[in-house]
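Scroll down for the structure; my scribbles are underneath it.
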Amino acid sequence: QVQLVESGGGLVQAGGSLRLSCAASGRTFSNYAMGWFRQAPGKEREAVAAISRSGSSTYYANSVKGRFTISRDNAKNAVYLQMNSLKAEDTAVYYCAAKTSTFYTLTYSRGFEYDYWGQGTQVTVSS
C-alpha cells in the first residue's frame with residue numbers, strides 16, 4: 001500500500017502559477033504510474049495529467065496542454081504538477097493518484113484504473 005499527500009494548493013490570480021507536489025510513502029514509488037485529477041463543485045472528476053513509471057511518457061487533458069507540466073522524482077518519491085497561465089476554470093480540488101503498473105512507459109487517464117488516492121488540495125483561481 002502507498003500513502004499519498006498533496007500540497008501546494010492555494011489561491012492565485014488568473015494568469016498566475018502554482019506547483020503541486022505529491023509525496024508518496026509506503027511501497028516502492030517507481031512501481032507506480034501516477035496521475036493528477038481534479039474535481040470542481042458540481043462536476044465530475046477529470047484527469048488532468050499522468051506520467052509513466054519511468055517518467056518517459058506523459059498524458060495531458062486537452063484543457064491543460066501547454067500550460068501544465070507533470071514530472072516525477074523517483075529518488076524523492078514525489079510527483080509534481082506545474083501549473084502556469086491559470087484560469088478561473090482550473091479551480092478545483094486536485095488529487096494525486098497512484099496505479100500499480102508492470103509497464104514502465106504506460107500512462108493511465110481513467111480514474112477507475114488507479115489504486116490509491118490522496119486527500120486532495122484546493123486550487124482557487126480568481127478572475
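One is the number of the first residue; the rest follow in order along the sequence. Note that the coordinates shown come from a computational prediction; the quantities given were computed from them, not determined experimentally.
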Quiz item: Same cluster for V79 and M83 if Ile/Leu/Val/Met/Phe/Trp/Tyr side chains link at under 4.5 Å?
Solution: yes

Quiz item: Is a side-chain donor or acceptor of Y59 paired with a backbone partner of L106 at a separation under 3.5 angstrom?
Solution: no

Quiz item: Can you tell me how far OH of Y94 sits from CG of L20, rounded to the nearest 0.5 angstrom?
Solution: 7.5 Å

Quiz prompt | Minimal non-hydrogen separation, S21 against W36, with atom names | solution = O-CH2, 3.7 Å

Practice problem: Taking the side chain as every heavy atom from C-beta outward, state whether V48 and L81 have any pair of such atoms under 4.5 Å apart. | Solution: yes

Exercise. Validate the cation-pi geometry between R53 and Y32: distance from NZ or CZ to the six-membered ring centre under 6.0 Å, angle to the ring axis within 45°.
Key: no

Self-check item: Which atom of Q82 lies closest to which atom of S17, heavy atoms considered
Solution: NE2-CB, 4.0 Å

Exercise. Quick one: pull up CD1 in I51 and OG1 in T107 and give me the separation to the nearest 0.5 Å.
Key: 9.5 Å

Self-check item: Face-on cation placement of R72 at F29 ring, 6.0 Å and 45° thresholds
Solution: yes

Quiz item: If you measure from CG on D90 to OG on S63, what distance do you get to the nearest 0.5 Å?
Solution: 7.0 Å

Practice problem: Using distance alone, with no hydrogens and no angle criterion, decide if S54 and S56 have a side-chain donor and acceptor under 3.5 Å apart. | Solution: yes

Self-check item: Minimum-distance pair of heavy atoms, taken over all atoms of R67 and S85
Solution: NH1-O, 3.0 Å

Exercise. Look at the side chain of E46 and the backbone N and O of R38, then say whether any donor-acceptor pair between them is shorter than 3.5 Å.
Key: no

Practice problem: Fit a plane to each ring of W117 and Y95, take the angle between them on a 0 to 90° scale, and name the class: parallel (under 30°), tilted (30 to 60°) or perpendicular (over 60°). | Solution: perpendicular

Practice problem: Can you measure from CZ (R19) to CG (N84) and round to the nearest 0.5 angstrom? | Solution: 11.0 Å

Quiz item: Looking only at heavy atoms, which two atoms of T91 and A40 are closest? And how far apart?
Solution: O-CB, 3.6 Å

Quiz item: Is there a donor in the side chain of Y108 and an acceptor in the side chain of S101, or the other way round, less than 3.5 Å apart?
Solution: yes

Quiz prompt | Closest approach of I70 to Y60 (non-hydrogen atoms, all atoms of both residues) | solution = N-OH, 2.8 Å

Exercise. To the nearest 0.5 angstrom, please state how far the CD atom of Q119 sits from the CD atom of Q3.
Key: 12.0 Å

Quiz item: Between T28 (side chain) and N31 (backbone), is there a donor-acceptor pair under 3.5 Å?
Solution: no

Practice problem: Can you see which heavy atom on V2 is nearest to which on A98, and at what distance? | Solution: CG1-CB, 4.1 Å

Quiz item: Taking it one step at a time, do L86 and L18 satisfy side chain to side chain contact (heavy atoms under 4.5 Å, CB included)?
Solution: CA-CA 8 Å; L86 282 161; L18 281 175; 4.2 Å; yes

Quiz item: Say you draw a straight line from OH of Y80 to OG of S7; how long is it, rounded to the nearest 0.5 Å?
Solution: 9.0 Å

